[in-house]
Amino acid sequence: MQDLPLGHRRRGRSSVGLRAIGLRGLRGRARAEAECRGQRHRQQTLLRTQTHRRGPSNAIRRARPSASVRAQPTRTRAARASPVPQARQPQPLRLCPMSSQAPVVTRFAPSPTGHLHIGGARSALFCWAFAKAQPDGGGGGGGRFMVRIEDTDQARSSEESARGILEDLAWLGIEWDDGPMLEVSRLSEPGSASTSGDRPAVRVIGANARPVGPYFQAQRVPIYARFLNQLVDSGRAYPAFETNEELEAKRKAAVAAKQTYRYDRAAYQQFPTPAARRDRMKQADTHGEPYVIRFHAPSEEIVVRDQVLGDVRIAAGELDDFVIRKADGFPTYHFAVVVDDETMGVTHVMRAQEHLYNTPRHVALQKALGFRTPVYAHMPLIFNPDGSKMSKRDKAKAARKAVKDAMGKDPAITPRSLAMSVGADAKNLADFIAGENDSLDIAATLARHFNIPLPEVEIYDFRNSGYLPEAIVNFIALLGWNPGMKQSDGKDLEKFDLAFLARHFSIERIGRSNAKFDRAKLLSFNGDYLQQLSDDEFTRRFIAWCRDSQPATAAALERQFAANLPALIRMAKPRAKVLRDVLKVIEFALVPDDQLAFDSAAVQKSLRANNDEGLGILKRFAPVLESVEPFTPDALHTAMETFAARELPADPAGKSNLGKLAQPLRVAITGSGVSPPVHDSLACLGRARAIVRLHRCLEAAQAR
RNA sequence: GGCCCCGUCGUCUAGCCUGGUCCAGGACACCACCCUUUCACGGUGGUGACAUGGGUUCGAAUCCCAUCGGGGUCACCA
């Protein structure tokens, strides 16, 4: 077991239930690997490396006659895509290209360069669900779901990010059979209301039971080296020494000549035999000369059998000789993926459609290495409502817009003045506003300053806003998949949980068209899930969330409301669509009694109108309030009703006159004309505070 | 731009493979009314889509073609 168990350390997240145990720098570990192999100099080469924006174009076209060759049950679209009837002739099908004994293995392979994105979560969910939905062969129980960390990009990967992604997966309830070990606290798990019991307080997700680890690619470099050598020896891979400048010049020339650029294989011709290439590589290695290794692409057509889209073909000669090992000694994505999927026994690859174009390369590599080809399924992409890609940049955009709106309204606000008031670096802030950087820190600072919400795009954000994992799981499952079932009332079934997915998920029902992420519907789902919770469970979840996301508020709450929790939940729960809403609902109770502000319009309307009618009623009600016993929502409600029936003139239309008391009382104790039911609000405050507030209101009115 | 994928209410979708039961069903959003001490919830009802044009067929949302529209991709990133 080479992977260390991962603990928790994200700032402000200490009580989510993921606790730190041993850590070691991911980057440091990977670098050590490279250095042991005498490649320190190549690390430095990375600093000079530039990225290329242009590259080969691949001619991929939709399969025709053989489109119906696919795993059972046959997909509809593929058949439709086939204009040639005889194409439906039976052909050998293979659900699992590995040996018939091998279990289905799916994998989620995130790059640890940020939080878990909503799209990534869906990919993970589908992979998980597909594995779990495999029939139990009697031995092991369905398929296996694996997580592998693709950290071959030394500049961008971080262990912190890897851990964050695993935590978010765990929080969603998507647990991996094979992969890095993550220790999670049971305290925060649903249904574990108490800390007592014999169960240990923590458990570990992830293992290396098969065993096919390590699960960090940076730790698998020796494995890649083996297969790299195999390719060099067989003449299918070769070193290339061109500088980026040289390649860029060729690329520009091709563009100028209106031709599609493709790497010209110059380096392949330069050293014509595997032996010559090996010598050249050895020489370069001893002299610290940087080079990449390229794959000699096949000159035959490549077919990708996709379970969602049908067959996709790339014409012979359209693939160019892409890089498989970078100058820093690490494999590129393409190579690492292919080697790992084979050596880790992955049978089904399900990923977003943005990867479709990578697949021919992977298939070509598999053939060259003599590997099996897994079953592929590319799922539709998820977009913002405006059609743009969901990205963390959306947060910067939202913050930028807030700044510009503010500057439009108040010319006194300048980047400089703003930097002063939020305590940010003026240059950074000016750049941010100008769109020259998308700093998430600045975005968050500005959002706080202007009190605007930032759009949630990552699981972490939704968690922070008080969404429930079961709502998110349900909602994202529906983005690109549908059970196609009806409920007993005849309506479409769309509320379901992980267990349902593990039973009913199928690739056949994955859609083909891209989906827009509808926040309003997610919010509605979350509200529904929140309302389904028992009061106790709701309380537990709210407290856990609050400790996690708003520790200071949580402390204040637990101090003030210890005795009044039932009253608190009674008034807040029905009004909450996310856990954060609870804070809004109880805000009036959180402010100190002597600092409560009164909304002037509400005061006018409910207290002052009709010659201070409301104030008069309040004065008469004050003694009642002081004597209500017990001071509970029900008793308060009864007291109010009794008072209203006895003391207040009946409405000519015979309608309830309770409002004549309730509204003034509401304004007096909450400062606003809008609040939860007055009796609940009173109970929540408790008798002493309610009376203080009532008298304070009456005195303030008298003073005028 | 080359190549590829996709196209049912504003949004997510059911229906499409196996054409008629679909003047297209559900959910979210929206509108109206009801309930109501405000807000929220809840209840009832409503507006709202087969991208367009050709074909095949007695009959097309469903099959075929074209057009248009949207998206993906074209790195020593994954």
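Computed from heavy atoms alone, side chains included, the values below leave out hydrogens, waters and symmetry copies. Lettering of chains follows the sequences in order, A, B, ..., and the numbering in each one begins at 1.
Contact annotation for Pro385(A): no contact, since no heavy-atom pair falls under 4.0 Å across all strands. Lys495(A) comes within 4.0 angstrom of no nucleic acid atom, judged by non-hydrogen atoms across all strands. Heavy atoms of Thr152(A) sit under 4.0 angstrom from primed sugar atoms or phosphate atoms, though from no base atom. Looking at heavy-atom distances under 4.0 Å, Val323(A) makes contact with sugar-phosphate atoms alone, never a base.
Under the Watson-Crick or G-U wobble criterion, with both distances below 3.5 Å, G2(B) is paired with U73(B). Partner assigned to C68(B) is G7(B), using Watson-Crick or G-U wobble distances below 3.5 angstrom. Base pairing of U56(B) is not made with any nucleotide, judged by Watson-Crick or G-U wobble geometry with both donor-acceptor distances under 3.5 Å. For U44(B), the paired nucleotide is A32(B), the pair qualifying as Watson-Crick or G-U wobble because both relevant distances are below 3.5 Å. Nucleotide C23(B): unpaired (no Watson-Crick or G-U wobble partner with both distances less than 3.5 Å).
Taking the charged nitrogens against the carboxylate oxygens, Lys389(A) and Glu354(A) do have a contact shorter than 4.0 Å, which makes a salt bridge.
On a pure distance criterion of 3.5 Å, a polar donor-acceptor pair joins the side chain of His679(A) and the base of U37(B). Applying the 3.5 Å distance criterion, the base of A27(B) shares a donor-acceptor pair with the side chain of Lys521(A).
Residue Lys605(A) contributes atom NZ, which lies 10 Å from atom P of U38(B) at whole-angstrom precision. One atom, CG of Leu356(A), and another, P of A78(B), lie 19 Å apart when rounded to the nearest Å. Counting to the nearest Å, the P atom of A40(B) and the CD atom of Gln531(A) are 14 Å from each other. Between the CD atom of Glu318(A) and the C1' atom of G2(B) there is a distance of 9 Å, rounded to whole Å. Following rounding to the nearest Å, Asp518(A) (CG) and C9(B) (P) show an atom-to-atom distance of 14 Å. Atom pair Leu661(A):CG and U38(B):C1' shows a separation of 13 Å (rounding to whole Å applied). Distance, Leu381(A) CG to G70(B) P: 16 Å, rounded to whole Å. To the nearest angstrom, C1' of G25(B) lies 12 Å from CG of Asn482(A).
Not one side-chain nitrogen or oxygen of Lys516(A) sits closer than 4.0 Å to the OP1 or OP2 atom of G10(B). Of the side-chain N and O atoms in Arg351(A), none sit less than 4.0 angstrom from OP1 or OP2 of G72(B). Between Lys491(A) and the phosphate of G25(B), there is no side-chain N or O to OP1/OP2 separation shorter than 4.0 Å.
Mapping Val674(A) and Ser513(A) onto RNA chain B by nearest heavy atom places Ser513(A) at the nucleotide closer to the 5' end.
Here Phe505(A) and Phe126(A) bring their ring centres to under 6.0 angstrom of each other. Here the two rings, on Tyr238(A) and Tyr291(A), have centers that are 6.0 Å apart or farther. Outside the 6.0 Å centre-distance limit, the rings of Tyr357(A) and His362(A) are not counted as a close aromatic pair.
Among the nucleotides U73(B), U37(B), C77(B), the one closest to any side-chain atom of Gln663(A) is U37(B). Looking at the side chain of Ala327(A), the nearest of the listed nucleotides C6(B), C5(B), C76(B) is C76(B).
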_As a quick check of understanding, evaluate side chain to side chain donor-acceptor pair (under 3.5 Å) for Asp340(A) and Tyr224(A), giving each step before the final call._
CA-CA 9 Å; Asp340(A) 287 343; Tyr224(A) 308 127; 2.7 Å; yes
*List the steps and the verdict of side chain to side chain contact (heavy atoms under 4.5 Å, CB included) for Met281(A) and Glu289(A).*
CA-CA 9 Å; Met281(A) 283 164 69; Glu289(A) 186 184 358; over 6 Å; no
